[in-house]
Amino acid sequence: MNNTQHKILIITAPSGAGKTSITRHLMHQFSQLAFSVSAATRKPRANEKDGVDYHFMTEEDFKEHIQHNDFVEWEMVYEGKYYGTLKSELQKIWDQHKIPVLDIDVKGAIHVQQQYPHTSLSLFIEPPSVGELKNRLLARGTETEASLQARINKAAYELSFKEHFNKVITNNHLETACQEATEIVSNFMKG
Ligand code: 5GP
C-alpha cells in the first residue's frame, strides 16, 4: 500500500499567525502534498482565482452541498460567510496518491481530526502575541476596521484551543517555524 494514502495534513491557526506562509513552504518542500481547495461564500480578493484559492460559490449553492452531505466539515467562519471542505476534494487528492493539506479554521480542524484520528496530523501555528497578530493583519492591509476587530477577537478565542492539536509551532521567526514544520511533516509522511 502506498503510504501517502488517506493521510490528511491539517494546518490551523488564528488568522494572521503565518499559517499561509508555512503552508506554502511545506507545499514547496514536499511534492506529495496537494492543497485542498475549500468551498467559500465570501467574495474573491483581487488576486484570487476560483478553483485555485477557493471554490467560490453562492450561499444557496453552499447550503445545497450541506443538504447533500457533501462536506467533511463546514463552518460559518465569519459572520454570514461559510467555508467548508468538500469530500470530493479530499477523494480527488487521494486518488492522485497525494496527501491533502487543509488550511482551515480551528473548529473545522477539530472536526476533521475527530473523523480521521489515526491518519491525520494537525499543526497549530501560534502567533507570538495578539498584539503582533494585529500588526501583521494591519501590514497585510486586506481588512476593514470592523473585520480587523472581528479577526482579533476570534484569534484570542482560538488560541484557547491549542492543546487539541498534535503539534504546536510558535511563529516567532518564520524561517525557524518553517524548518520545524518541515521536520514534523517529514516524519508524518514516513510513518
Ligand atoms: P480567508 O477569508 O482569509 O481566506 O480565510 C478565513 C479563514 O477561513 C482562515 O482561517 C481559513 O483557514 C479558514 N478556512 C478556509 N477554508 C476553510 C474550510 O474549508 N473550513 C473551515 N472550517 N475553515 C476554512
Side-chain angles (χ1 to χ4, degrees), residues 8-27 33-59 61-66 68-93 99-116 120-127 130 133-134 136-144 146-162 164-165 168-169 171 181:
I8 300 182
L9 176 60
I10 306 162
I11 305 182
T12 192
S15 178
K19 178 175 54 154
T20 307
S21 307
I22 294 174
T23 304
R24 287 208 186 111
H25 173 81
L26 290 170
M27 305 289 305
L33 299 179
F35 188 73
S36 163
V37 180
S38 294
T41 64
R42 75 154 168 75
K43 297 257 176 305
R45 294 182 185 130
N47 55 343
E48 288 181 329
K49 286 202 180 72
D50 186 35
V52 176
D53 299 282
Y54 285 104
H55 299 295
F56 292 104
M57 58 179 70
T58 62
E59 191 172 321
D61 286 345
F62 196 98
K63 288 186 171 164
E64 211 169 299
H65 281 296
I66 297 175
H68 292 145
N69 197 22
D70 290 337
F71 288 112
V72 179
E73 62 75 37
W74 62 270
E75 295 290 332
M76 190 197 278
V77 176
Y78 296 108
E79 197 53 38
K81 303 293 174 220
Y82 295 87
Y83 295 76
T85 307
L86 289 159
K87 291 177 183 171
S88 58
E89 184 73 18
L90 298 189
Q91 195 56 55
K92 187 183 80 186
I93 295 170
I99 300 174
V101 178
L102 278 58
D103 170 344
I104 62 178
D105 89 324
V106 168
K107 278 198 202 157
I110 291 173
H111 287 148
V112 176
Q113 187 165 245
Q114 282 167 345
Q115 291 176 66
Y116 300 95
S120 65
L121 173 74
S122 57
L123 304 184
F124 182 91
I125 314 297
E126 180 181 41
V130 172
L133 185 74
K134 186 172 181 179
R136 287 180 190 181
L137 285 170
L138 282 170
R140 194 169 76 178
T142 53
E143 307 309 316
T144 62
S147 74
L148 178 72
Q149 200 49 52
R151 279 175 189 255
I152 287 171
N153 291 345
K154 187 170 154 63
Y157 171 70
E158 287 182 327
L159 278 169
S160 68
F161 287 94
K162 73 173 184 182
H164 285 81
F165 300 102
V168 176
I169 297 175
N171 187 10

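Heavy atoms only: backbone and side chains are in, while hydrogens, waters and symmetry mates are out. Both ligands and their constituent atoms are indexed starting at 1 by order of listing. Here the structure is a predicted model, which is why all the values come from computation and not from measurement.
- Ring pair Y157/F161: centre-to-centre distance below 6.0 Å.
- Looking at atom 3 (O) of ligand 1, its nearest protein heavy atom turns out to be R45 NH2, 3.0 Å.
- Heavy-atom proximity to G108, at under 4.0 Å, picks out these atoms of ligand 1: 22 (N).
- Counting only distance, with no hydrogens or angles, the side chain of T41 and the backbone of Y82 share a donor-acceptor pair below 3.5 Å.
- Ion pairing of E59 with R42 is absent here, as no side-chain N (NZ or NE/NH1/NH2) approaches a carboxylate O to less than 4.0 Å.
- Of the candidates L137, T23, I104, it is I104 that places a heavy atom closest to atom 18 (C) of ligand 1.
- The shortest N/O to N/O separation between Y78 and ligand 1 does not fall below 3.5 Å.
- For the pairing with E75, the side-chain hydrogen bond (donor to acceptor under 3.5 Å, both in side chains) check across K107, H111, K81 returns one residue only, H111.
- Proximity of K107 to ligand 1, defined as any heavy-atom pair under 4.0 Å, is not found for any part of the residue.
- The shortest contact between atom 19 (O) of ligand 1 and any protein heavy atom is with S38 OG, 2.7 Å.
- Among all protein heavy atoms, the one lying closest to atom 4 (O) of ligand 1 is Y54 OH, 2.5 Å.
- Closest protein heavy atom to atom 9 (C) of ligand 1: K19 NZ, 3.6 Å.
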Intermediate values then yes/no, side-chain contact (heavy atoms from CB on, under 4.5 Å), Y116 and V72: CA-CA 10 Å; Y116 300 95; V72 179; 4.0 Å; yes
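- Of the possible donor and acceptor atoms, none in the side chain of N171 sits under 3.5 Å from a partner among the backbone N and O of P127.
- Under 4.0 Å from ligand 1, not a single heavy atom of E48 appears.
- Not close to ligand 1: K43, with no non-hydrogen atom less than 4.0 angstrom away.
- Of the protein's non-hydrogen atoms, the one nearest atom 23 (N) of ligand 1 is D105 N, 3.1 Å.
- Between K154 and D105 there is a salt bridge, since at least one side-chain N of the basic residue sits less than 4.0 Å from a carboxylate O of the acidic one.
- Nearest protein neighbour of atom 20 (N) of ligand 1, counting heavy atoms only, is E73 OE2, 2.7 Å.
- The shortest N or O to N or O distance between R140 and ligand 1 is not below 3.5 Å.
- For F62 and H65, the gap between ring centers reaches or exceeds 6.0 Å.
- With a 4.0 Å cut-off on non-hydrogen atoms, H111 does not touch ligand 1 at all.
- Residues E73 and T85 bring a donor and an acceptor atom of their side chains to less than 3.5 Å of each other.
- Distance alone, capped at 3.5 Å, is enough to place a donor-acceptor pair between the T12 side chain and the I104 backbone.
- With E143 as reference, R151 is the one residue of K134, Q149, R151 to meet the side-chain hydrogen bond (donor to acceptor under 3.5 Å, both in side chains) rule.
- For ligand 1, the atoms closer than 4.0 angstrom to any heavy atom of R151 are 2 (O), 3 (O).
- Taking only nitrogen or oxygen atoms, main chain and side chain alike, V77 does not reach within less than 3.5 Å of ligand 1.
- Residue contacts with ligand 1: E75 is placed with no nitrogen or oxygen under 3.5 Å of a nitrogen or oxygen of the ligand (distance criterion only).
- Atoms of ligand 1 lying under 4.0 Å from any heavy atom of R42, numbered from 1 in the order shown and given with element: 1 (P), 2 (O), 4 (O).
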